[in-house]
Asks: 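Below is a structure I'd like to ask you about.
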Amino acid sequence: MASSADQDSKGSTTSKIEETLTEKNAQYTNADLLTFHERFKGRVILDPEEAAIEFGEGFAARLKTTDDGKTILWPQPTEDPLDPQNWSSRKKALHVFIITLATLVPDFDSAIGIASVFELAKQYNTSTGHINNLTSNWSIFLIGWGGFFDIMLMRRYGRLPVLFWTQLLALIFLIGLTVAPTLPIFAAMRCLTGFFGTCPQITGLFVINDMYPFHLRARMITIWTAAAVMGPHLSPFVFGFLVARQNWRWAFGIGCIYGLIVALLIAFCMEESIYDRKASTHPNYSQGFSARFKALVGITGWQLAGSGPSWKEVFLAPVNLLWRPHLVGIYVLLAMEFGFGIGINITNTIFLQSQPPLGFGFDPTTVSGIYATPVVVVLIGEVMARYLMDWLMSWSLKRSNGVFEVENRLWALYVGVPLNLAGFLILGAALQHHFNVAVVVVGWGIAQISVLIMTVSIYSYANDCFPRRPGEVSAVFNLTRTLGGFSVAYYQVPWSQKVGALQTLGVETGIVCGVFILVVPLLQWKGREIRKRFSLKEPDTENEEGLS
């Protein structure tokens with residue numbers, strides 16, 4: 001029989017629990033659900049029952065969930081049909097489709113020069129190395145910096161007009177390089193094409209966050225990221241066959257047609273997805289031709305810019321992310337793995353077409369066929385990454401009673417890094433020792449699957465850590481990954497000529513593995529503490545106790 005002391009202790013405990021629940025009900029019952037999701041910085045409660053425990057039953061009763069009632073929708077959709085969270089599934093899918101096609105543009109356009117590098121060298125009476133150094137490398141370099149330009153404009157004037165004008169300008173400059181009479185003009189036009197064309201690689205994360213709830217974003221990021229990974233590989237595959245039979249200008253001309261199609265899709269099918277949940281009224285960007293036109297060309301964004309962030313704020317926003325400890329290591333890892341992947345894409349055509357002892361001496365048609373490898377495996381990697389990210393979320397929610405911690409995104413890297421090691425070593429050995437071309441295909445394929453899995457994991461992690469800064473996250477990542485790829489083409493071929501491709505690619509993948517070992521386990525161990533200490537302080541965000 002329980003003693004009176006035990007009964008008093010149980011009664012006291014029950015009383016304290018009830019008091020706590022009462023306090024939570026009082027604290028959160030009237031919380032603004034439209035902006036509540038902005039408090040999350042890596043810890044998200046998706047289970048309604050857990051939400052009732054942490055925030056009180058009054059708060060939980062107000063939450064909107066998926067149709068099965070098992071997952072909370074963050075952000076909470078409004079009753080406004082203009083809210084992108086309320087758009088139809090078909091409309092959302094159309095926007096993801098267009099932004100994915102647009103994301104192909106900058107790297108696709110830049111990589112047309114990879115298929116044309118030998119013909120360009122003949123046209124302008126120079127070497128392939130000079131063509132790469134003057135045009136390919138610098139266009140990649142400017143793709144990275146263009147993102148900072150884009151994010152500032154998008155924060156001020158909206159997603160749609162900046163996307164439209166940058167793609168239109170990129171198309172104009174691509175036409176210019178297609179008809180360029182001299183190498184300096186060609187190089188200038190190619191660099192400007194890259195600078196303006198990169199905008200979809202920034203806008204995509206914005207649009208996904210605007211339209212989709214938290215639990216579906218990683219899946220959409222996988223589709224969008226696959227386009228960024230495929231872009232540099234698609235044009236060498238497609239146009240290598242063409243350049244072997246026709247003038248190189250035809251390849252860039254077809255690129256112009258593709259850019260025009262994308263620009264027309266943006267103009268006629270996309271809508272502005274920005275939605276200020278703190279505002280009492282919202283402009284209808286799509287009601288009638290006049291409203292659509294004003295939103296597209298930026299008139300509406302210009303009129304509303306006065307109530308948005310200042311130029312100082314938009315300029316400093318990406319800078320404020322650069323030094324955050326939980327972002328620094330992860331963007332260094334991205335720069336290494338993605339950059340070395342871009343480097344392989346630039347230099348493989350040199351390895352494959354150059355005569356022995358450096359290369360295989362293949363003709364352009366054979367090389368184009370080999371470039372199908374990364375195109376096909378990116379599609380395979382997209383499926384693998386999508387299901388892996390979904391499984392990791394389901395697994396982590398079961399382990400944590402419906403609470404998702406962002407560090408669980410990083411478990412995908414434990415799949416990607418070993419694949420990176422295996423792929424680079426196989427490819428390096430195949431290039432150095434001139435193994436059968438099937439070995440080249442296998443090594444390159446494994447390496448590219450690893451790049452996609454790791455990139456999706458890193459983007460999803462950072463997007464969850466900084467939920468109000470998806471554009472800035474994209475800009476920082478776009479810069480770091482392109483800076484990594486920009487530098488590789490300068491040293492990869494000379495280094496391989498000196499010590500062999502196996503040692504070159506082996507050191508590169510060794511760097512990736514080393515950064516992974518130094519960064520990822522620490523983030524998974526101390527990540528939550530680091531996030532709480534170094535998260536961005538938003539001036540208009542409510543008290544975040546218990547959420548980060």
Side-chain angles (χ1 to χ4, degrees), residues 37 46 64-68 71-105 108 154 158-164 167 199-231 234 258-275 282 284-287 292 295-296 375 378-391 393-394 452 455-456 459-460 463-464 467 470-471 474:
H37 68 286
L46 294 173
K64 297 178 181 179
T65 64
T66 53
D67 292 339
D68 60 10
T71 306
I72 300 171
L73 298 174
W74 298 116
Q76 287 282 282
T78 67
E79 301 300 328
D80 185 359
L82 299 177
D83 183 354
Q85 295 284 327
N86 292 326
W87 288 356
S88 67
S89 298
R90 179 178 295 181
K91 186 174 181 178
K92 291 179 181 180
L94 176 62
H95 279 67
V96 172
F97 174 71
I98 295 173
I99 201 67
T100 300
L101 290 181
T103 300
L104 283 168
V105 166
F108 178 84
M154 279 189 282
R159 327 310 191 209
L160 183 62
V162 179
L163 181 64
F164 172 71
Q167 296 313 286
C199 186
Q201 297 179 339
I202 310 301
T203 316
L205 204 56
F206 259 140
V207 173
I208 288 169
N209 281 17
D210 290 340
M211 297 189 302
Y212 288 95
F214 175 86
H215 68 284
L216 296 179
R217 286 175 183 169
R219 189 180 303 175
M220 299 300 117
I221 289 172
T222 304
I223 298 172
W224 169 66
T225 304
V229 176
M230 183 185 291
L234 184 59
Y258 178 72
L260 176 62
I261 293 171
V262 169
L264 291 175
L265 286 172
I266 292 170
F268 291 103
C269 300
M270 287 194 74
E271 295 182 14
E272 177 59 72
S273 63
I274 194 170
Y275 189 84
H282 301 90
N284 190 332
Y285 295 105
S286 59
Q287 187 175 23
R292 286 184 59 86
L296 178 70
V375 175
V378 163
L379 298 177
I380 297 172
E382 190 278 330
V383 175
M384 291 176 60
R386 176 157 33 103
Y387 282 101
L388 177 60
M389 298 305 292
D390 284 349
W391 180 84
M393 173 172 281
S394 176
L452 183 57
T455 303
V456 170
Y459 266 87
S460 299
N463 186 46
D464 294 345
S474 292

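Numbers here are sequence positions counted from 1.
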Asks: In Å, rounded to the nearest 0.5 Å, how long is the span from OG1 of Thr66 to CD1 of Ile72?
Replies: 9.5 Å
Asks: Side chains of Val262 and Leu104: closer than 4.5 Å at any heavy-atom pair?
Replies: no
Asks: Can you list the steps and then say if Ile274 with Phe206 is a side chain to side chain contact (heavy atoms under 4.5 Å, CB included)?
Replies: CA-CA 8 Å; Ile274 194 170; Phe206 259 140; over 6 Å; no
Asks: Contact between Trp74 and Pro213 at the side-chain level, heavy atoms closer than 4.5 Å - yes or no?
Replies: no
Asks: Minimum heavy-atom separation for Ala102 to Pro200, with atom names?
Replies: O-CG, 3.3 Å
Asks: Below 4.5 Å, heavy atoms only, C-beta onward: do Leu73 and Phe214 meet side chain to side chain?
Replies: no
Asks: Parallel, tilted or perpendicular: which describes the rings of Tyr459 and Trp224, with under 30° parallel and over 60° perpendicular?
Replies: perpendicular
Asks: Of all residues at least two apart in sequence or in a different chain, which pass the ring-ring contact (aromatic ring centres under 6.0 Å, His included) check with His215?
Replies: none
Asks: Between Leu234 and Val378, does the side chain to side chain contact (heavy atoms under 4.5 Å, CB included) criterion hold? Intermediate values first, please.
Replies: CA-CA 10 Å; Leu234 184 59; Val378 163; over 6 Å; no
Asks: Any idea which heavy atoms bring Asp210 and Gln85 closest together, and the distance?
Replies: O-NE2, 3.1 Å
Asks: I need the Leu216 CG to Met393 CE distance, nearest 0.5 Å.
Replies: 8.5 Å
Asks: Do the side chains of Val456 and Thr225 get nearer than 4.5 Å, heavy atoms only?
Replies: yes
Asks: Heavy-atom count check: over 12 atoms from other residues, nucleotides or ligands less than 6.0 Å from Asp67 CG?
Replies: no
Asks: Is there a side chain to side chain contact (heavy atoms under 4.5 Å, CB included) between Phe97 and Ile223 once you walk through the steps?
Replies: CA-CA 9 Å; Phe97 174 71; Ile223 298 172; over 6 Å; no
Asks: Please report the interatomic distance CZ(Phe164) to CG(Leu296), rounded to the nearest 0.5 Å.
Replies: 4.5 Å
Asks: With distance as the sole test, does Glu272 use its side chain to make a donor-acceptor pair with the main-chain N or O of Tyr285 at under 3.5 Å?
Replies: no
Asks: Got a second to check how far Thr203's OG1 is from Leu160's CG, nearest 0.5 Å?
Replies: 9.5 Å
Asks: Nearest heavy-atom pair of Pro470 and Leu205: which atoms, and what distance?
Replies: O-CD2, 3.4 Å
Asks: State the CE-OG distance between Met389 and Ser394, to the nearest 0.5 angstrom.
Replies: 13.0 Å
Asks: Which pair of heavy atoms, one from Ala385 and one from Thr222, lies closest together, and at what distance?
Replies: CB-CG2, 3.8 Å
Asks: Would you find a donor on one side and an acceptor on the other, under 3.5 Å apart, between the side chain of His95 and the backbone of Met270?
Replies: no
Asks: Would you kindly say whether Asn209 and Asn463 are connected by a side-chain donor-acceptor distance under 3.5 Å?
Replies: yes
Asks: Report yes if the side chains of Leu94 and Cys269 come closer than 4.5 Å at any heavy-atom pair, otherwise no.
Replies: yes
Asks: Quick one: do Leu379 and Met230 satisfy side chain to side chain contact (heavy atoms under 4.5 Å, CB included)? Show the steps, please.
Replies: CA-CA 9 Å; Leu379 298 177; Met230 183 185 291; 3.5 Å; yes
Asks: So which atom in Pro84 and which in Tyr275 form the shortest heavy-atom distance, rounded to 0.1 Å?
Replies: CD-CB, 3.6 Å
Asks: Can you measure from OG1 (Thr103) to CD1 (Ile98) and round to the nearest 0.5 angstrom?
Replies: 11.5 Å
Asks: Can you tell whether the side chains of Glu79 and Lys64 come within less than 4.0 Å, N to carboxylate O?
Replies: yes
Asks: Using modelled atom types only, decide if a donor and an acceptor are shared between the side chain of Arg292 and the backbone of Glu271 within a distance under 3.5 Å.
Replies: no
Asks: Hey, is Arg217 close enough to Asp464 for a salt bridge, meaning N to O under 4.0 Å?
Replies: no
